[in-house]
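Some notes on the structure that comes next.
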Amino acid sequence: GAMANTATVQSKSEFGMTYKAVAFTLPGGHTVVGYVNDKNLIEKVETKVGETDEFVVEALYRDYADFNGVKFPTLITEKYAGQLALVLVLKEVKSGD
């Protein structure tokens with residue numbers, strides 16, 4: 001999304017860590033901010049939705065593992081308006097080849 005839309009990058013601290021915060025706006029006005037850690041892995045994505053951006057969808061990506069050269073999170077959680085909505089625990093990742 002950041003490559004297809006005009007994105008900004010700035011340094012942002014959260015939970016005692018400094019991230020590259022990559023922000024952009026999708027068609028329709030939804031704001032997206034991705035938090036990239038010092039290993040260039042995405043740790044969090046926040047998306048504001050609703051007519052007045054009143055709801056925040058937050059996805060957290062944790063415990064990255066190497067699957068045949070592809071780094072992928074083995075724990076993904078999502079919250080909608082502060083309420084836990086999804087927990088994914090991955091044990092295996094395969095390419096589409």
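Residue numbers run from 1 in the order of the sequence given.
- For the side chain to side chain donor-acceptor pair (under 3.5 Å) test, no residue two or more places apart in sequence or in another chain qualifies with Tyr61.
- Listed by chain and residue number, nothing satisfies the side chain to side chain contact (heavy atoms under 4.5 Å, CB included) test with Val70 (two or more places apart in sequence, or in another chain).
- Hydrophobic cluster membership is shared by Val32 and Val22, with clusters built from Ile, Leu, Val, Met, Phe, Trp and Tyr side chains linked at under 4.5 angstrom.
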Result block: side-chain N/O donor-acceptor pairs under 3.5 angstrom for residues 3-10, not counting sequence neighbours:
residue, atom, partner, partner atom, Å
Asn5, ND2, Gly1, O, 2.8

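- At most 12 non-hydrogen atoms from other residues, nucleotides or ligands lie less than 6.0 angstrom from CD1 of Ile42.
- Under the rule for a salt bridge (Lys or Arg N to Asp or Glu O under 4.0 Å), the partners of Glu14 that lie at least two apart in sequence or sit in another chain are Lys44.
- Distance CD/Glu43 to CG/Leu60: 9.0 Å, rounded to 0.5 Å.
- There is a path of hydrophobic side-chain contacts, each under 4.5 Å, that joins Val93 to Leu41.
- Phe67 and Tyr64 fall within a single hydrophobic cluster, where Ile, Leu, Val, Met, Phe, Trp and Tyr side chains are chained together by heavy-atom contacts under 4.5 Å.
- Within the model, atoms CG of Asp63 and CD1 of Ile76 stand 11.0 Å from one another, a figure rounded to the nearest 0.5 Å.
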Worksheet item: Please walk me through it: do Asp38 and Thr18 pass side chain to side chain contact (heavy atoms under 4.5 Å, CB included)?
Response: CA-CA 8 Å; Asp38 60 351; Thr18 301; over 6 Å; no
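- In this structure, OH in Tyr19 is found 9.5 Å from OG in Ser13, a value given to the nearest 0.5 Å.
- Shown here is Asn68, whose CG atom has no more than 12 heavy atoms of other residues, nucleotides or ligands within 6.0 Å.
- Residue pairs meeting the side chain to side chain donor-acceptor pair (under 3.5 Å) criterion with at least one member in residues 72-92, sequence neighbours excluded, are Glu78-Tyr80.
- The hydrophobic clustering, which links ILVMFWY residues whose side-chain heavy atoms are closer than 4.5 Å, places Val33 and Val56 apart.
- Judged as a side chain to side chain contact (heavy atoms under 4.5 Å, CB included), and not counting sequence neighbours, the contacts of Asn40 are Lys20, Val36.
- Nearest heavy atom pair, residue Pro73 against residue Leu90, reads O-CD1, 3.5 Å.
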